[in-house]
Enquirer: 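Below are the structure tokens for one structure; questions will follow.
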Protein chains: 2
Amino acid sequence: MEAKHLNELAKIVGEDNLHSDKAHTIAYSYDATRERYEPEAVIFPRDEDDVSKIVRYCNEHKIAVVPRGAGSGFTGGALPTNGGIVLALEKHMNKILEIDMDNMVAVVQPGVINMDLQKAVEAKGLFYPPDPASQEYSTIGGNVSENAGGMRAAKYGITKDYVMAIRAVRPNGDIIRAGKRTIKDVAGYNIAGILIASEGTLAVITEITLKLIAKPKLKKSAMGIFPSVDMAMEAVYKTMASGVTPVAMEFLDNLTIRAVEQKFSKGLPTDAGAILITDVDGNLPEEIEYQMGVIERVFRENGCSEFKKARDDKEAADLWFARRNASQSITIYGNKKLNEDITVPRSMLPELLKHISDIANKYGLKIPCFGHTGDGNVHTNVMVDGSDPKQLEIGHKAIEEIFRITVDLGGTLSGEHGIGLSKAPFMHMAFTEEEMELFRDLKRAFDPNNILNPGKMAL
Amino acid sequence: MEAKHLNELAKIVGEDNLHSDKAHTIAYSYDATRERYEPEAVIFPRDEDDVSKIVRYCNEHKIAVVPRGAGSGFTGGALPTNGGIVLALEKHMNKILEIDMDNMVAVVQPGVINMDLQKAVEAKGLFYPPDPASQEYSTIGGNVSENAGGMRAAKYGITKDYVMAIRAVRPNGDIIRAGKRTIKDVAGYNIAGILIASEGTLAVITEITLKLIAKPKLKKSAMGIFPSVDMAMEAVYKTMASGVTPVAMEFLDNLTIRAVEQKFSKGLPTDAGAILITDVDGNLPEEIEYQMGVIERVFRENGCSEFKKARDDKEAADLWFARRNASQSITIYGNKKLNEDITVPRSMLPELLKHISDIANKYGLKIPCFGHTGDGNVHTNVMVDGSDPKQLEIGHKAIEEIFRITVDLGGTLSGEHGIGLSKAPFMHMAFTEEEMELFRDLKRAFDPNNILNPGKMAL
């Protein structure tokens, strides 16, 4: 980038908020994919007005702008693949602006960390359910841009179900208000809806209004042990169709169980085909008992050999231990994890898991699976030796076959991580050329010069 | 339209499915607004392939296409203001294609009537909550195109909360699949989201996949009588913020109560400032009692003078009678009803109702109000003598002031009816020129020749 551009941009945000030194450009060249693309500068906008001026300037001079929250995404959404600037929103634009108790709404800047919001609203008896695994560091702006999910999605839905309104800046600098602090609003096109999950490619989100709900007073956890994955997957979709909706319905396969046990020696059932861990909540003990009763019945009807109910918080934490430590434990199977978050209609889970097992056998790979089966979302981890190019190639072949099967079963390439860079090569499997063309038409309508997060989503 | 075009279109759908005779063009010139715009032809597509061919032909020859369900909209969304063809989807494309019990999903064609779907899924123990007042004749395609609400929105949300996937045809004839039968899907832009509430201006919806939930086993109704509207409105938002979420929280003001009583002599409290009618549901008697207990407490804390709980279905029907007959009863105040569905953040309801009362006094008008206060949605009815041009003018002035106040209170011009033709003149109050320009950019991205439902939404 020409020095003149850096000077002009520095005039907008002040010298302190624009950095083109190596320390900064390297620090902002990574995200959770560990791939690396160095930006030419990192800018910390102070407010929406800064964002508007920066983006307008970059649009006029065709400089790429990559909005970034915490950089915790798994698909490279915040990587500046085409150079230009990283617009880092976590430094100044990180305030909870309002918690409106009367309307049960929170208004936040994009750089607010998910867990900070959760804690702030829970202190007031309210509840913000979306809880991605990255909740302790990922930002609400990033959560909205990727439409993040989490453990509680089975009952409470995902980020999109809580976004009521968005303020955003278009590449031409226009400030757009989309949506309202009202439950219903059908005036004009649903601009907030299209910005959710748009991965920073359409506009820069500068403020988000989120729906809150009342925090349920009671919660209870249980674990079901199943002889086979197949039985567990049948139990999942039959539970979800039973009329009772658990908060979470998480799953670990045998490989994952064994990995956690090897690492932590917690007395897990290493001969089980799968375990399911579930939570129910409500305001009355009777509700909790009723829900647990239905779940236990459905589990047992589908082969559950043992159903353990937590009697207190400590026992609940013990039941959840295996799930919470699954991701770090499976590294015993390989130093490189090709981690995908495929999602299928719940009734397809048994078939999906069978196919993954076949693919693992065919390639001689370990593919431990765990995840949010309550909404059909399986974290599929193809474990390889990252230093062995041949293993990596085989691993990627397996991933491609898994994607193919997922799409054939009516599923999606991504339940919650997004497409970004990592999944862009597979978009053609999921979408027709006509559908991709519509995506491109939309991108052009928002961003005719293609300055916002260019090179993502196979656009 | 040139005869040659009619011939070509007839070749696509067959002679039986294209009509340009007066009987048809007049029958399809109306909707619930009672305004009249005659199309040049009415076409009944048999399937998605017909839709694709028709739309592509019309796009090539710049013929306006107005998709239509039941024509029950209140804002003229289905009126062919620019001539061209009405694409009437209710005749052939009216099938429930699938009810998938395992994934709790229904797949329907756009012409399916809302109530037919509700009955079909309830027969299987499932539940499709959106219940617009037009539910006995309005179609799911229309419901999606306007993002219809209903009585149960306070707890269960609106149409958009149930749309999982849409198949649609772009003006160029391209068939687009958007969304999946999965709870989560973040691959690609949220095309289904932008089609909801787009009023037939972006694409023709040909198939809809809807989320279903389990039908709660128990339901209970109650009515609260309040000395003033203000107290009732305080009770509404405080109930909604109490941690208990009633299925419905409907309201009638004094004018509406008196109108129903005058017409039906039901022993309603004609000196009450307002009544609230509420439903709670659940699977356990304890849940019902708990919710009713909280609601009664909040109501009484806010001045409720009498709280009547229905002991059985008959008593529930009695409590609901006034609400169900509100719309037809208020005609005692004038033969023409200027009916708007403004919506504000719930905590603004007291202020909104006060302003409406002031406006009524200022113009010497009767403006009975009732509606879905649980989601901040008030049906505001400016009653005038339709044969008196001066009264009509005054009525429209009052409406304009009501819209202004609504927007000032952070509300929206429309909670569930849409913009269409009727509210198009007020779009500039709610949106900046930059926001309107974004709507137009989106419209152009989908429909560069402006053939789909042209002239609507002030685009």
Side-chain angles (χ1 to χ4, degrees), chain A residues 101-104 146-147 149 153 158 170 174-177 180-191 193-194 196-198 214 237 241 243 283-284 286-287 290 343-347 375-377 410-419 427 430-431 434-435 438-439 441-442 444-445 457, chain B residues 101-104 146-147 149 153 158 170 174-177 180-191 193-194 196-198 214 237 241 243 283-284 286-287 290 343-347 375-377 410-419 427 430-431 434-435 438-439 441-442 444-445 457:
Chain A
M101 302 289 290
D102 289 337
N103 294 298
M104 300 174 89
E146 303 292 343
N147 195 6
I158 54 182
R170 287 184 76 180
D174 283 356
I175 293 166
I176 301 295
R177 305 155 311 155
K180 299 225 163 333
R181 199 177 296 200
T182 54
I183 303 298
K184 296 169 169 177
D185 177 17
V186 298
Y189 292 131
N190 179 14
I191 301 296
I194 197 82
I196 297 165
S198 68
Y237 80 80
N283 289 316
L284 300 174
E286 293 87 349
E287 279 179 87
Y290 171 76
T343 302
V344 293
R346 288 186 298 254
S347 71
D375 38 55
N377 186 192
T412 173
L413 303 178
S414 177
E416 51 187 24
H417 294 169
I419 297 300
M427 284 288 273
F431 297 101
E434 289 79 8
E435 289 157 359
L438 176 54
F439 293 159
D441 287 346
L442 264 178
R444 272 188 292 266
M457 290 172 69
Chain B
M101 302 288 289
D102 289 337
N103 294 299
M104 300 175 86
E146 304 291 342
N147 195 7
I158 53 183
R170 286 184 77 180
D174 282 356
I175 292 165
I176 301 296
R177 306 155 309 154
K180 299 226 163 334
R181 199 176 296 199
T182 53
I183 303 298
K184 294 170 169 177
D185 177 17
V186 297
Y189 292 131
N190 179 13
I191 301 296
I194 197 82
I196 298 165
S198 69
Y237 80 80
N283 288 316
L284 301 174
E286 292 86 351
E287 277 179 88
Y290 170 76
T343 303
V344 292
R346 288 186 298 253
S347 71
D375 38 58
N377 187 192
T412 173
L413 302 178
S414 178
E416 51 186 24
H417 294 170
I419 297 300
M427 285 288 273
F431 298 101
E434 288 80 8
E435 289 158 359
L438 175 54
F439 293 159
D441 286 346
L442 264 178
R444 274 188 292 268
M457 290 172 68

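None of these values were measured; they are calculated from a predicted model. We name chains A, B, ... by the order of the sequence lines, and we start the count at 1 in each one. The basis for the numbers below is simple: all heavy atoms, side chains too, and nothing from hydrogens, waters or symmetry mates.
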Enquirer: Measure across A/Ser347 and B/Asp102 and return the closest heavy-atom pair with its distance rounded to 0.1 Å.
Expert: CB-CB, 3.5 Å
Enquirer: If I take atom CG from residue A/Asp375 and atom OG1 from residue B/Thr182, how far apart are they, to the nearest 0.5 angstrom?
Expert: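 The distance works out to 9.0 Å.
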Enquirer: State the CD1-CZ distance between B/Ile176 and A/Phe439, to the nearest 0.5 angstrom.
Expert: 8.0 Å
Enquirer: Would you compute the distance between atom CG of B/Leu284 and atom CG of A/Leu284 and round it to the nearest 0.5 angstrom?
Expert: 8.0 Å
Enquirer: Find the one option among A/Ser414, A/Gly149, A/Ser198 whose heavy-atom pairs under 4.5 Å with chain B are most numerous.
Expert: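 It is A/Ser414.
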Enquirer: Please classify the contact of A/Arg444 with chain B as side chain, backbone, both or neither, using a heavy-atom distance under 4.5 Å.
Expert: neither
Enquirer: Which distance, rounded to the nearest 0.5 Å, do you find between the NZ of A/Lys180 and the OG1 of B/Thr412?
Expert: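 If we round to the nearest 0.5 Å, A/Lys180:NZ and B/Thr412:OG1 are 6.0 Å apart.
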Enquirer: Check for a donor-acceptor pair, side chain of B/Glu435 on one end and backbone N or O of A/Arg177 on the other, with a separation under 3.5 Å.
Expert: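 Here the side-chain-to-backbone pair exists.
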Enquirer: At what distance, to the nearest 0.5 angstrom, does CG of B/Leu413 lie from CG of A/Asp185?
Expert: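 Those atoms lie 8.5 Å apart.
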Enquirer: Taking every heavy-atom pair that is under 4.5 Å apart, which of B/Gly411, B/Pro345, B/Ala214, B/Gly243 has the most such pairs with chain A?
Expert: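 Looking at each of B/Gly411, B/Pro345, B/Ala214, B/Gly243 in turn, B/Pro345 comes out on top.
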Enquirer: Among A/Ile196, A/Ile175, A/Asn283, single out the residue with the greatest number of heavy-atom pairs under 4.5 Å to chain B.
Expert: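 The option with the most such pairs is A/Asn283.
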Enquirer: Pick one of side chain, backbone, both or neither for A/Met457, based on which atoms fall under 4.5 Å of a heavy atom in chain B.
Expert: side chain
Enquirer: Does B/Glu286 reach the side chain of A/Glu287, with side-chain heavy atoms less than 4.5 Å apart?
Expert: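 With C-beta onward as the side chain, the pair stays apart.
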Enquirer: To the nearest 0.5 Å, tell me how far A/Thr343 OG1 sits from B/Ile183 CD1.
Expert: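 Going from OG1 on A/Thr343 over to CD1 on B/Ile183, the span is 10.0 Å.
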Enquirer: Go through the atoms of A/Ala187 and report whether side chain, backbone, both or neither lie under 4.5 Å from a heavy atom of chain B.
Expert: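 Both the backbone and the side chain of A/Ala187 come within 4.5 Å of chain B.
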Enquirer: Is chain B contacted by the side chain of A/Asn377, its backbone, both, or neither, given a heavy-atom distance below 4.5 Å?
Expert: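 Side chain only.
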Enquirer: Any side-chain heavy atom of B/Asp174 sitting closer than 4.5 Å to one from A/Leu438?
Expert: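 B/Asp174 vs A/Leu438: side chains apart.
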Enquirer: Give the member of B/Gly418, B/Gly188, B/Gly410, B/Ala430 that has the highest number of heavy-atom pairs under 4.5 Å with chain A.
Expert: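 When all of B/Gly418, B/Gly188, B/Gly410, B/Ala430 are compared, B/Gly188 has the most.
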Enquirer: Do you know the tightest heavy-atom contact between B/Ile419 and A/Val186?
Expert: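 In terms of heavy atoms, the two residues are closest at CG1-O, 4.2 Å.
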Enquirer: Heavy-atom cut-off 4.5 Å, strictly under: side chain, backbone, both or neither for B/Arg170 against chain A?
Expert: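 Only the side chain of B/Arg170 comes within 4.5 Å of chain A.
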Enquirer: Specify the closest pair of heavy atoms between B/Met101 and A/Ala241, including all atoms of both residues, with the distance to one decimal.
Expert: O-CB, 3.6 Å
Enquirer: B/Lys184 and A/Gly415: which non-hydrogen atoms are nearest, and at how many Å?
Expert: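 So the two residues come closest at CB-O, 3.2 Å.
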